Structures are given as structure tokens and as C-alpha cells.
Amino acid sequence: MYSKTIMAQTLVSVLSLISTLFSMLILARIVFSWIQVDRYNPVVAFIFNVTEPILAPIRNVLPSVGMFDFSPLVAILLVEVVVRILSAIVISAF
């Protein structure tokens, strides 16, 4: 019984870590959109390649609001909601 609780807590911690890392990548992408960066830089290319599959569909659904892109905010919120739901499922399963 005790090991199942530890496993559940570990899975929830891993989900939280992944969520935090993804949110940090999105925040880095926001900063990169404010400054001029070399898109061919391996770090910048990695950040764009990891975040674009999540941001592009959100951009297609959201109405455009001038020059503001709210897709990063929506993506961070969606990731947090999904992580909370998955965490609740993991905790209830164990």
C-alpha cells in the first residue's frame, strides 16, 4: 500500500515537472518574439519545434486580436488543466 502511494506521488511530481518545463519553454518563446533571435540557433530552433505543435492549433481556433498572440497563454492554461486532471486520475487510481 505504501509503495503505491509513493508511485502515485512520483507520477504526479513528474507530470508537474513536465508542465513546468513546457511552460518555461513557452515563456522563452514569448521572450524570443520580443527580441530578434537567430531562428537557426539550435536552442531557439528546439524551443520553436517543441512549442509549435501545441501553439499552432490554438492559433487556428483563436480569433486574431490585432498584433497580440494569446495562444501561449491558452496553451499554458490548457497544460495546467490537463496536468491537474491527470494528477487526480493518478491519485485516485492508486
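As the structure is a computational prediction, the values presented were derived from the model and not from experiment.
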Going from [atom1] on [X] to [atom2] on [Y], what distance comes out if it is rounded to the nearest 0.5 angstrom?
{"X": "Ile47", "Y": "Ile26", "atom1": "CD1", "atom2": "CD1", "answer": "11.0 Å"}
{"X": "Asn41", "Y": "Phe46", "atom1": "CG", "atom2": "CZ", "answer": "12.5 Å"}
{"X": "Thr20", "Y": "Glu80", "atom1": "OG1", "atom2": "CD", "answer": "6.5 Å"}
{"X": "Ile30", "Y": "Leu73", "atom1": "CD1", "atom2": "CG", "answer": "8.0 Å"}
{"X": "Leu11", "Y": "Ile91", "atom1": "CG", "atom2": "CD1", "answer": "10.0 Å"}
{"X": "Phe32", "Y": "Leu25", "atom1": "CZ", "atom2": "CG", "answer": "9.5 Å"}

Is there side-chain contact between [X] and [Y], with at least one heavy-atom pair below 4.5 Å?
{"X": "Arg29", "Y": "Pro72", "result": "no"}
{"X": "Ser87", "Y": "Val83", "result": "yes"}
{"X": "Leu86", "Y": "Val82", "result": "yes"}
{"X": "Phe70", "Y": "Ile58", "result": "no"}

> What residues form a side chain to side chain contact (heavy atoms under 4.5 Å, CB included) with Ser33, not counting sequence neighbours?
Replying inline: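 Ser33 satisfies side chain to side chain contact (heavy atoms under 4.5 Å, CB included) with no residue once adjacent residues are dropped.
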> Who passes side chain to side chain contact (heavy atoms under 4.5 Å, CB included) against Gln9, sequence neighbours left out?
Replying inline: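 If we apply the side chain to side chain contact (heavy atoms under 4.5 Å, CB included) test to Gln9, skipping adjacent residues, the hits are Thr5.
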Taking [Y] as the starting point, is it possible to reach [X] by hopping between hydrophobic residues whose side chains are less than 4.5 Å apart?
{"X": "Val31", "Y": "Phe22", "result": "yes"}
{"X": "Phe68", "Y": "Ile76", "result": "yes"}
{"X": "Ile6", "Y": "Ile89", "result": "no"}

> Sub-3.5 Å donor-acceptor pair from the side chain of Ser92 to the main-chain atoms of Ala88, do we have one?
Replying inline: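 Answer holds: yes.
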Using a 4.5 Å cut-off between side-chain heavy atoms of Ile, Leu, Val, Met, Phe, Trp and Tyr, which other residues end up in the same hydrophobic cluster as [X]?
{"X": "Leu17", "value": "Leu21"}
{"X": "Val14", "value": "Ile18"}
{"X": "Leu55", "value": "none"}
{"X": "Tyr40", "value": "none"}

>> Going by side chain to side chain contact (heavy atoms under 4.5 Å, CB included), Val44 matches just one of Asp38, Asn49, Val37. Which one?
In response: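 Exactly one pass, corresponding to Val37.
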> Any idea which heavy atoms bring Ser71 and Leu62 closest together, and the distance?
Replying inline: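 Answer, listing the atom of Ser71 first, then Leu62: N-CD1, 3.8 Å.
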